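Written out below as structure tokens is the structure these notes cover.
Since this is a predicted model, take the numbers as computed values, not measurements. Remember, it's 1-based here, ligands and their atoms both numbered in the order they're listed.
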Amino acid sequence: MLLAIDCGNTNTVFSIWDGETFLCTLRTSTHHARTADAYFTWYSTLIKHYGIETDITEVIISSTVPRVVFNLRVFADRFFDCRPLVVGKPECLLPTEARVDAGTIVGPDRLVNSAGAYNRYGGDLIVVDFGTATTFDVVAKDGAYIGGVIAPGVNLSLEALHNAAAALPHVDIAKPQAVIGTNTVACIQSGIFWGYVGLVREICDRIKAERERPMKIIATGGLAPLFQQSVELFDSFDEDLTMHGLTVIHDYNKEHAA
Ligand SMILES: Nc1ncnc2c1ncn2[C@@H]1O[C@H](COP(=O)(O)OP(=O)(O)O)[C@@H](O)[C@H]1O
Ligand SMILES: CC(C)(COP(=O)(O)O)[C@@H](O)C(=O)NCCC(=O)O
Ligand SMILES: [K+]
């Protein structure tokens, strides 16, 4: 069985893949100082709680936070006696190319999303991931990641308003009743919600115009459905796209191992 780990700047997600389905998905906050022992304590408690029979023999990691990789490597080695595959490291082969400026280190989550999306939907895609940052990954006809867009994440924008303006409270994102807010919370929700609808639409339209072709828009990340329910922004919402991408990259490396 494969343990796939997707470490973002906010959350770290573990999923167990038995070759056909994800048996479970566990989520913890990302914290670089968490030790291998602490990961295992958390992990084994939840596995026991859910009563899942596991036999982890392989681990694959994608991390947008380089500092956490060391402890995750020790975790894989100590508790599963295996050397994890780390996306972005030279020994981890990718099924598709990244055609970007020389010297650019693309976020591994974006390479994984591109590989997962190409496998499920084919080429000519825009993958929108609502994480700490909101990323747009452009996938060419042949599956190559050819660049994209990085915008501040929804929650990050809400936090930035609260942190910088003394009179603005912390607000959770929600679809506002109207565009014109008649109280402070409604005003902030409107600014972020409708601002993001505009941001996503404008960026996707401009990418399509720049590429001069129709493209499918695939959304992932917990906040995508919130946007989709009010306006048609995406062609598909794919909750486990990053995890799927990790299994695709894992399979590719098994097939092509020397
Ligand atoms: N279903 C959801 N509803 C509301 N907020 C969510 C949901 N899923 C994730 N978030 C929030 O969205 C932000 C990004 O989360 P996540 O996708 O886990 O980011 P990352 O991959 O960068 O760690 C975080 O602030 C998180 O709390
Ligand atoms: C853009 C990101 C911060 C998004 O990370 P996330 O929101 O998933 O935590 C990450 O993909 C990253 O650090 N990228 C490096 C630069 C690049 O992709 O071009
Ligand atoms: K992510």
Just which atoms of ligand 1 are under 4.0 Å from any heavy atom in [X]?
X: N155; value: 11 (C), 12 (O), 13 (C), 24 (C), 25 (O), 26 (C)
X: G131; value: 14 (C), 17 (O), 19 (O), 22 (O)
X: R27; value: 18 (O)

Does some non-hydrogen atom of I105 fall short of 4.0 Å from ligand 2?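 Right, I105 reaches ligand 2.
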What's the verdict on ring pair (Phe, Tyr, Trp, His ring centres under 6.0 Å) for F227 and F130, showing C-alpha distance, side-chain angles and the deciding distance? CA-CA 10 Å; F227 290 95; F130 291 85; 5.3 Å; yes
Sub-4.0 Å heavy-atom contact, L223 with ligand 1: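 So L223 counts as touching ligand 1.
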I'd like the name of whichever of S62, G107, G131 reaches closest to atom 14 (N) of ligand 2 through any heavy atom.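 Nearest option to atom 14 (N) of ligand 2, by heavy atoms: G107.
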When you look for heavy atoms under 4.0 Å from ligand 2, do you find them on the side chain of D109, its backbone, both, or neither?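 The answer is the side chain of D109.
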I need the atoms of ligand 2 closer than 4.0 Å to a non-hydrogen atom of T132, numbered in the order shown.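 Numbered from 1, ligand 2 contributes 7 (O), 9 (O).
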Contact check: T10 vs ligand 1, nitrogen or oxygen atoms, below 3.5 angstrom: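 Yes.
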Would you check whether Y145 has a nitrogen or oxygen atom less than 3.5 angstrom from a nitrogen or oxygen atom of ligand 2?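 No, no N or O pair falls under 3.5 Å.
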Polar atom proximity, N9 to ligand 2 (N or O, under 3.5 Å):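 Yes, since at least one N or O of N9 sits under 3.5 Å from an N or O of ligand 2.
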